[in-house]
Visitor: 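Take a look at the following structure, please.
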Amino acid sequence: MRLLENLNHADWEAIGQDLHRFAADLYPICRSITGDGIRRTLAMIGDRIPLQTFEVQTGARVFDWTVPKEWNICDAYIKAPNGKRVVDFQQCNLHVMSYSVPVHATMPLGDLKPHLFTIPEHPDWIPYRTSYHKEEWGFCLSHNQMLALEEDDYEVRIDSTLENGHLTYGECYLRGHSSDEVLISCHACHPSLANDNLSGLAVATFLGQFLSGRKLRYSYRLLFIPGTIGAITWLARNRQSVGRIRHGLVLTCLGDAGGFHYKKSRRGNAEIDRAADHVLRHYSESPEILEFSPYGYDERQYCSPGFNLSVGCLMRSVWGGFPEYHTSADNLEFIRPLQLADSLRICTTIVDVLDNNRQYRNLNPCCEPQLGRRNLYPSIGGNAPGEQTHACLWVLNFSDGEHSLLDIAERSGIPFCVIREAAELLCKNGLLSPVPNDGGELTAGVPDGDRLSAFTTGFPASQS
Ligand SMILES: [Zn+2]
C-alpha cells in the first residue's frame, strides 16, 4: 500500500477532531514572542513529538536585531468605581496588548482612551495588538465595550513583567537517510488565535507524528518559533548548516474554510514550488498560487537574499485577507476539523512528492519495450490503455537521466503518485533503474520497498 492509498483510507474525520482538540488545548495559553506561554506550548507539542527546546538570552545579537526582554503576565484589568472589572484579562488574553509594561494607576476615561484599541467596523470583536519594540501598555476591547464606559475614574492594572530572560523555540529533528533536510516552520507566538497560529502548530505537530519513526529519504526539521524574531534568531544560530535545507514550507492559517493558497519561494521555480503546485492542482479545489513577495510570515527571513532558501508558504486564507485575522473572531469555531485534516493531507502529499522525486534511466531506450509480454499492456487490442499504462509509457519515454518523476508528472498531467507507481512497476520488471546519486545522497542502500513502505502504516493513534 502506498502513502496516498493509505491517506485515502485514513479516518479523516477522526484525525480532524484530534487536530481540533489539540488546537483547543493550546488555545487558552497566553503566548507571546517570549515567556512562559510559548514554553508551555512547546511542552505540549513535546508530548507528541521529540522536541528539543532552546533558550537564547535577552540581548543576544541576531543579525540586525537583538533578542528582546522576556515578557510574562499574571493578570490585568480595568476596574470601574463600583469594583467591577469592565475589561478582564482572565476572560480573554487578547484584552492586553502583548508586551504591555506593568501599570497600576487610577485615571479618568480621557487619559485611559489613548491606551484602548477597538475595531469599530466589527463592534463585538476584540483586536490583537502587540508592542514588542516600544515600551507601552494597552488594552484591547470590543468597540461596544468601550462605548459602554462612562466618564469616570478607572483603576487600571497590568500585572506583567518585562525583564532580562530568554527567547524560547523548539526543534523536532527526524533523521532520514540523507543529511539533506526539509524544513517545516510555524510561528507559536500568538495568544488565543486559532487560524493564525494554532492551525499551523497543530498540522505541523501531526505531520511530525506521522513522519516519526519512518524511513525517510530526507531528514526533517520542524521549527516551532516566535514569528520574525524567532526565525531571525534561528537563522543566526544555524547559519553554517542551512545549506542542508533542500526544501522548506512555512505552515499557517490552515484551519479556515477558505481554499488553499501557496506562496512561492523567492526562487519561484524551486522543487517545493513545483511540488506544492502539483499537489494542490490535483488534490484541492481552485487553489491559488501566489508569487513571492517580501511580506508575510517567516518565509520572509528564509528567503532573504543572504539565504534565499527554497521555502514557500502554505495557507488557506491569506493573512490580512479575512476579517477575523488578528481578532477574537479567529477562534475555535473559525477553524474546522475537516479543513485541518485536509490541510494535513495536502502537507503529507507534498512531503510524499519531495521524498520520492528522483530520476530513473530507461534500460531499454531503443523503441518501446514489449509491455504486453510483461503484463504491462492490455492484451486485447482496440481499447485505449488505462492511466497506469499511460504512466508507464511516459516514465519510459522521459527516464533518460534528465527528467525527474515530478517533471514527468507535470508534463503528462498524471498525478505524481501514479507516475511513481509506474516507475516502481517498471523497476520490478527490469525496465528501469534509479539514477544513482540523483541530487545528493539519495536512496543508495535503501531498497525501494523499504523506503516506500515508510509511508504505509497510517497516522499514529492520538496520544490524548
Ligand atoms: Zn499573526
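All ligand and atom numbering here is 1-based and tracks the order in the structure.
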Visitor: Before giving the answer on side-chain hydrogen bond (donor to acceptor under 3.5 Å, both in side chains), spell out for E55 and T168 the whole-Å C-alpha distance, their side-chain angles and the decisive distance to 0.1 Å.
Guide: CA-CA 5 Å; E55 301 272 355; T168 314; 3.0 Å; yes
Visitor: Listing by chain and number, what protein N/O/S atoms are under 2.8 Å from the Zn ion (ligand 1)?
Guide: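 You should have found H190 NE2, D196 OD2, H326 NE2.
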Visitor: Between E288 and R316, is the closest basic N to carboxylate O distance under 4.0 Å?
Guide: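 Looking at E288 together with R316, the answer is no, because their closest N to O distance does not fall below 4.0 Å.
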Visitor: Nearest 0.5 Å, please: how far is NE2 in H166 from CZ in F54?
Guide: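 Interatomic distance, F54 CZ to H166 NE2, rounded to 0.5 Å: 13.5 Å.
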Visitor: Within a reach of under 6.0 Å around CZ of R39, are more than 12 heavy atoms found that belong to other residues, nucleotides or ligands?
Guide: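 Atom CZ in R39 is crowded, with more than 12 foreign heavy atoms closer than 6.0 Å.
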Visitor: Check whether any side-chain heavy atom of L222 sits under 4.5 Å from a side-chain heavy atom of E171, and report yes or no.
Guide: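 No, side chains not in contact.
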Visitor: Of the options H247, R221, R175, which is the one that meets E181 in a side-chain hydrogen bond (donor to acceptor under 3.5 Å, both in side chains)?
Guide: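 Looking at H247, R221, R175, the match for E181 under the side-chain hydrogen bond (donor to acceptor under 3.5 Å, both in side chains) is R221.
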